[in-house]
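Quick note on labels: first sequence line is chain A, next is B, and so on, each numbered from 1. Only a predicted model underlies this, so the values are computations on that prediction, with no experimental measurement involved.
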Amino acid sequence: MSALNLYDTATREVGEFQPLIPGEVSIYVCGATVQAAPHIGHVRSAVNFDILRRWLIWSGYEVTFIRNVTDIDDKILQKAVIEKMQWWALAMKYERIFSAAYASLNVLPPTYEPRATGHVTQMIELMETLIANGAAYAPGNGDVYLEVRKLKRYLTLSGQKLDDLQPAGDVDANNSKKRDPRDFALWKAAKIGEPSWPTPWGAGRPGWHLECSAMAHTYLGEAFDIHAGGLDLIFPHHENEIAQSEAAGHKFANRWLHNAWVTQSGEKMSKSLGNTLQVDVILQRVRGIELRWYLGSAHYRSMLEYSEAALDESAVAFRRIEHFLNRATEILGTHPAPVVNDAFCAAMNDDLAVPAALAGISENLRVGNQAITDGDKDAIGKNASEIRGALSILGCDPFDPNYTLENSTNLSDALNGVITLALKERTAARERKDFAASDAIRDGLLELGITIEDTAQGPRWSMTEKS
RNA sequence: GGUCGGAUGGCCGAGAGGCGAGGCAAGGGACUGCAAAUCCCUCUACACGGGUUCAAAUCCCGUUCCGACCUCCA
């Protein structure tokens, strides 16, 4: 088997993945700031790194997967005012919606999902270390800043130069206690009415970046294998995480992975552009497994241009695969056992080249369908197994119990259709006064526990307990 | 201004010096009571202008257009 090669944002090259500890992989993914419901861009990130995780697990690694929840920040406080809720109630509300979205897309739950507010102690410890090192300073106003000009290296991930950065817009140069306008806040002094935690430098709340360094350190140690997140996190978030952690003497992440956007008309989804597509809205159009198939089908570093047509086409393609697996199961009398073939393996090991892997699935599908025509059970089993193996790595195995509930929803849709069909026949029979036939339909349905009522708007059916 | 990415056939979407990934759509055919499903065949592309090379979608230089980040972001 070939070795896994992954892109590293830090080097901008694809290189062989070597875990720090043989057989084990530690991953930290920057999760959501829970201030609004997720759009499909958010869950694309989760799906992409879930595929990475499943691939590593299949490859035999013991994977520790940490994905944080940022449950305190400026926007959460703002939204709490707008929604007239406690900030912590608002954060919990949206955290649950995120969790539900992840679950509907069959994203494996993280090994641990730390919240920022639960790690203030670790953040204070980190700040104490940084101040003792001379890397950070507390100017006395309750803020704590990292002094970026003192860093041995900074902005290595994004490849920028400190002096080339545009000055921060939010800094009031006259009132700022920053030694340099580009210094960033590790900790923010509490304003009146805002939540705060006591620290040696005054009451306040975490700056955005500090939490991830503290939590990554807490759960993964001073050095870990992979740090992942969206492209927009490269700067400032990940740069600042590196700055803090390295200034504290940690090695931090060995490799950086960043996923690209879901775009509309070439532009990144964002609430300010009004072009966001919330997950629950999309899930009224396609099933979770189909949305996952769509989001996972593009390479994780490529922009995915959203359109309803593309989503629909993708869903149709997935149903075709699913249909083959169902027919194969009928013929074989059992679910095909998942098998990962060499082509899929080679594609995934090449920086998770899912699109290349899909070409292999297409081939399996074509050959598998031909095998059904030919009645060649061995070939049916082989191709069905290889397809199922690929789908299970992609998190789109239709026989995965995590999709069972959803499948039963589809069953009820199908049931509804069948009954509607029967009711049309019954109506037709009644119109030609063939009551023997119409009553036979009604009695037959009743025997199955389905009660028919004739109303002014037409027949209505409901399920009753079978006696 | 700085940094980074992109432009591939009607559409989606890979590839990164040499055998035209793959899918969808379209057209033709096989099968079929009709339809569906399935299979087979066909068509076709690398934004533009130079250059390097035996060979360029791929490397180099330049140009155009699109997008991302520059302290809120997946």
What residue pairs, at least two apart or across chains, pass salt bridge (charged side-chain N to carboxylate O under 4.0 Å, His left out) with a residue in residues 295-308 of chain A?
A:Arg285-A:Glu308, A:Arg301-A:Asp351
Among pairs that include at least one residue of residues 144-153 of chain A, which meet salt bridge (charged side-chain N to carboxylate O under 4.0 Å, His left out), considering only residues two or more places apart or in two chains?
A:Glu147-A:Lys150, A:Glu147-A:Arg179, A:Arg149-A:Asp163, A:Arg149-A:Asp180, A:Arg153-A:Glu246
Residues which pass salt bridge (charged side-chain N to carboxylate O under 4.0 Å, His left out) with [X], listed by chain and number, not counting sequence neighbours:
| X | result |
| --- | --- |
| A:Glu386 | A:Lys382 |
| A:Arg320 | none |
| A:Lys93 | A:Glu83 |
| A:Arg67 | A:Glu113 |

Mind checking the [atom1] distance from [N] to [M]? Whole angstroms is fine.
| N | M | atom1 | value |
| --- | --- | --- | --- |
| B:A26 | B:G9 | C1' | 13 Å |
| B:A45 | B:G20 | P | 12 Å |
| B:C61 | B:U52 | P | 15 Å |
| B:C66 | B:A30 | C1' | 45 Å |
| B:A14 | B:A57 | C1' | 12 Å |
| B:A56 | B:G17 | C1' | 6 Å |
| B:C12 | B:A25 | C1' | 10 Å |
| B:G23 | B:G13 | P | 16 Å |

Taking only the side-chain heavy atoms of [X] (C-beta and beyond), determine which of [options] contains the nearest atom.
| X | options | value |
| --- | --- | --- |
| A:Trp261 | B:A74, B:U71, B:G67 | B:A74 |
| A:Lys75 | B:C72, B:A74, B:C70 | B:C72 |
| A:Leu233 | B:G2, B:A74, B:U71 | B:A74 |
| A:Asp164 | B:G2, B:G67, B:C69 | B:G2 |

Shorter than 3.5 Å, N or O on both sides, protein versus nucleotides 33-38 of chain B: list them out with atom names.
residue	atom	partner	partner atom	Å
B:U38	OP1	A:Arg320	NE	2.7
B:U38	O3'	A:Asn369	ND2	3.2

Quick one: list whatever passes side-chain contact (heavy atoms from CB on, under 4.5 Å) with A:Glu16, sequence neighbours left out.
A:Ala3, A:Asn5, A:Gln18
Partners of A:Ser314 by side-chain contact (heavy atoms from CB on, under 4.5 Å), sequence neighbours excluded?
A:Trp293, A:Tyr294
Which is it for A:Tyr300 and A:Ile51 under the side chain to side chain contact (heavy atoms under 4.5 Å, CB included) test, yes or no, and what are the steps along the way?
CA-CA 10 Å; A:Tyr300 73 95; A:Ile51 290 171; over 6 Å; no
With a non-hydrogen cut-off below 4.0 angstrom, is [X] in contact with a base, only sugar-phosphate, or nothing?
| X | value |
| --- | --- |
| A:Gly41 | base |
| A:Val316 | nothing |
| A:Ala185 | nothing |

I want to confirm an ordering. Mapping A:Gln35 and A:Gln160 to their closest nucleotides on RNA chain B, which one lands closer to the 5' end?
A:Gln160
Could you pick out which residue, A:Ala359 or A:Asn240, lies toward the 5' side of RNA chain B when each is mapped onto its nearest nucleotide?
A:Ala359
With side chain to side chain contact (heavy atoms under 4.5 Å, CB included) as the criterion, how do A:Thr9 and A:Arg255 come out once you've worked through the C-alpha distance, each side chain's angles and the decisive distance to 0.1 Å?
CA-CA 7 Å; A:Thr9 307; A:Arg255 184 180 288 269; over 6 Å; no
Could you check how far [atom1] of [X] sits from [atom2] of [N], rounded to whole Å?
| X | N | atom1 | atom2 | value |
| --- | --- | --- | --- | --- |
| A:His209 | B:U71 | NE2 | C1' | 6 Å |
| A:Glu241 | B:U71 | CD | P | 17 Å |
| A:Glu211 | B:U71 | CD | C1' | 15 Å |
| A:Arg301 | B:C69 | CZ | P | 19 Å |

Those residues at least two apart in sequence (or on a different chain) that pass side-chain hydrogen bond (donor to acceptor under 3.5 Å, both in side chains) with A:Asp50 are A:Arg54, A:Arg292
Looking at A:Glu363 and A:Arg366, is there a salt bridge between them, counting it only when a charged N and a carboxylate O are closer than 4.0 Å?
yes
Atom CG of residue position A:Asp164 - does it have more than 12 heavy atoms of other residues, nucleotides or ligands inside 6.0 Å?
yes
Any N/O donor-acceptor pair, A:Glu267 side-chain to B:G67 base, under 3.5 Å:
no
Kindly give the atom pairs (protein nitrogen or oxygen, nucleotide nitrogen or oxygen) under 3.5 Å for nucleotides 9-15 of chain B.
residue	atom	partner	partner atom	Å
B:A14	OP1	A:His299	N	3.1
B:A14	OP1	A:Ser302	OG	3.3

Return no unless some side-chain N or O of A:Lys268 is found under 4.0 Å from OP1 or OP2 of B:C69.
yes
Want to know the stems of RNA chain B: at least 3 consecutive Watson-Crick or G-U pairs with distances under 3.5 Å, which are they?
B:1-7 with B:64-70, B:10-12 with B:22-24, B:26-30 with B:38-42, B:47-51 with B:59-63
